[in-house]
Amino acid sequence: MVIGLDVHKRSVYATAMEDNGTIIVQRNMENNMETVNGFLSDYRDHDIVIESSTSGKYLSKELLKLNYKIHLINPAKVPEIANNYKKTDREDSFQLADVFRKGGMKEIYITSGEIENTRSLVRYRHSLGEEITLKKNKVHALLTSYGIIIKATDPFGKKGLKEIENNYNNLNYSDKIVLRSLLNDISYIKDMEKEIETEILMLDSDS
């Protein structure tokens with residue numbers, strides 16, 4: 001038997017199907033672990049197929065913790081699902097179960113908690129880098145508007161910040177506030193980057 005779960009933020013539509021294609025039950029339920037686990041408890045030894053949406057990935061990981069046999073798939077890679085014009089929750093859950101029992105889908109690897117933690121931190125570190133670049137560009141633009149050129153190789157290193165500080169009084173009142181705020185933000189984000197990098201190293205050393 002195979003169970004197809006079409007997972008959304010607030011709801012889950014389930015289709016339980018025998019190996020010969022006979023539908024045992026179809027049911028729409030609230031998306032919370034108590035409800036979903038209550039329904040699936042009768043099918044604990046059977047294959048459960050879930051699509052790789054954000055809600056689907058989360059539910060997959062929670063069900064794996066309860067030792068369910070989870071198969072995560074990308075519906076865009078399955079023609080029977082991607083090209084299905086009906087596109088209802090009932091139909092999608094049916095197709096998930098039906099295509100799986102026919103052996104017509106390639107599964108997605110579900111990462112372990114440690115790997116997922118590292119990936120999440122790496123993504124966040126990357127976003128911090130983008131944020132620093134944006135704020136540095138704003139500082140450059142602000143200084144350039146006053147004809148101020150920082151000669152230091154690293155404008156945001158010790159020498160560069162000293163040059164900026166020496167030109168501070170050349171700015172009008174409001175731009176002084178903006179510049180100070182941008183520099184404080186850059187300093188804070190740099191500290192956050194160091195903290196995140198430390199956490200990543202700790203996770204890598206534990207794996």
Side-chain angles (χ1 to χ4, degrees), residues 6-12 30-33 50-65 70 72-78 81-82 87 106-207:
D6 185 47
V7 184
H8 299 277
K9 186 175 181 179
R10 294 184 174 85
S11 65
V12 176
E30 185 178 353
N31 186 358
N32 65 65
M33 282 305 299
I50 301 175
E51 66 178 40
S52 58
S53 62
T54 301
S55 298
K57 288 179 180 178
Y58 174 76
L59 182 61
S60 296
K61 291 174 184 177
E62 293 303 302
L63 292 175
L64 280 171
K65 294 175 185 177
I70 302 300
L72 192 67
I73 64 100
N74 181 355
K77 302 292 185 180
V78 183
I81 299 175
K87 295 305 294 179
K106 184 177 180 180
E107 294 182 42
I108 295 173
Y109 173 66
I110 303 175
T111 59
S112 68
E114 290 80 4
I115 294 175
E116 189 61 34
N117 285 335
T118 300
R119 287 181 178 176
S120 179
L121 289 175
V122 169
R123 286 193 296 268
Y124 183 56
R125 183 182 62 181
H126 179 71
S127 71
L128 290 176
E130 292 179 333
E131 191 172 351
I132 282 183
T133 298
L134 180 63
K135 291 186 181 294
K136 284 182 176 180
N137 288 340
K138 288 182 178 180
V139 171
H140 285 302
L142 178 57
L143 295 175
T144 300
S145 70
Y146 284 88
I148 299 172
I149 305 298
I150 304 303
K151 298 178 180 179
T153 303
D154 180 5
F156 300 95
K158 288 184 179 180
K159 291 183 179 180
L161 290 174
K162 183 64 177 178
E163 283 190 62
I164 292 175
E165 188 69 30
N166 291 338
N167 284 281
Y168 189 66
N169 289 329
N170 293 326
L171 279 59
N172 65 35
Y173 177 76
S174 60
D175 283 338
K176 287 179 182 178
I177 296 174
V178 172
L179 178 60
R180 183 60 61 194
S181 176
L182 287 170
L183 292 176
N184 286 339
D185 287 347
I186 291 170
S187 177
Y188 174 76
I189 296 170
K190 283 183 175 180
D191 289 341
M192 284 297 299
E193 276 191 318
K194 292 177 182 178
E195 183 178 334
I196 296 301
E197 287 170 359
T198 300
E199 293 291 342
I200 291 171
L201 289 173
M202 290 176 63
L203 283 172
D204 288 343
S205 64
D206 290 339
S207 61

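Please read these numbers as outputs of a predicted model, since none were measured by experiment.
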- What heavy-atom pair brings Ile189 and Leu128 nearest, and what distance separates the two atoms? CG2-O, 3.6 Å

- Message: Could you measure the distance from the CD1 atom of Ile149 to the OG1 atom of Thr144? Nearest 0.5 Å is fine.
- Response: 5.0 Å

- May I have all residue pairs that pass side chain to side chain donor-acceptor pair (under 3.5 Å) and include part of residues 182-196, sequence neighbours excluded? Lys135-Asp185

- Quick one: pull up CD1 in Ile164 and CG in Leu143 and give me the separation to the nearest 0.5 Å. 5.5 Å

- Partners of Asp175 by salt bridge (charged side-chain N to carboxylate O under 4.0 Å, His left out), sequence neighbours excluded? none

- Query: Just wondering, more than 12 heavy atoms not from Tyr58 lying within 6.0 Å of its OH?
  - Reply: no

- Query: Can you pull the salt bridge (Lys or Arg N to Asp or Glu O under 4.0 Å) pairs that have at least one residue in residues 136-160, sequence neighbours excluded?
  - Reply: none

- Sub-3.5 Å donor-acceptor pair from the side chain of Ser181 to the main-chain atoms of Ile177, do we have one? no

- Asn31 and Lys9, any side-chain heavy atoms less than 4.5 Å apart: no

- Message: So, using side-chain hydrogen bond (donor to acceptor under 3.5 Å, both in side chains) as the criterion, who are the partners of Asn137 when residues are at least two apart?
- Response: none

- Nearest heavy-atom neighbours spanning Ile148 and Leu171: CD1-CD1, 3.8 Å

- Task: Mind checking the CG-CG spacing from Leu161 to Leu183? Nearest 0.5 Å is all I need.
- Result: 6.5 Å

- Taking the side chain from Ser127 and the backbone from Tyr124, do they hold a donor-acceptor pair closer than 3.5 Å? yes

- Task: Keeping to residues at least two apart or across chains, list the ring pair (Phe, Tyr, Trp, His ring centres under 6.0 Å) pairs with something in residues 125-150.
- Result: His140-Phe156

- Message: Quick check: do Ser55 and His8 have side-chain heavy atoms less than 4.5 Å from each other?
- Response: no

- Task: Rounded to the nearest 0.5 Å, what's the gap from NZ on Lys61 to CG on Leu64? Could you check?
- Result: 9.5 Å

- Side chain Ser52, main chain Ile73, donor-acceptor under 3.5 Å: yes

- With sequence neighbours excluded, tell me which residues meet side-chain hydrogen bond (donor to acceptor under 3.5 Å, both in side chains) with Ser145. none

- Counterpart residues, salt bridge (charged side-chain N to carboxylate O under 4.0 Å, His left out), relative to Arg10 (two or more places apart): none

- Task: Would you indicate whether the side-chain heavy atoms of Lys176 and Leu179 approach each other to under 4.5 Å?
- Result: no

- Item | Separation of Leu63 CG from Leu72 CG (nearest 0.5 Å) | 11.0 Å

- Got a sec, which residues hit salt bridge (charged side-chain N to carboxylate O under 4.0 Å, His left out) with Glu165, two or more places apart in sequence or on another chain? Arg180

- Value rounded to 0.5 Å, distance of OG1 in Thr133 from CD1 in Ile186: 9.5 Å

- Query: Got a sec, which residues hit salt bridge (charged side-chain N to carboxylate O under 4.0 Å, His left out) with Lys65, two or more places apart in sequence or on another chain?
  - Reply: Glu62

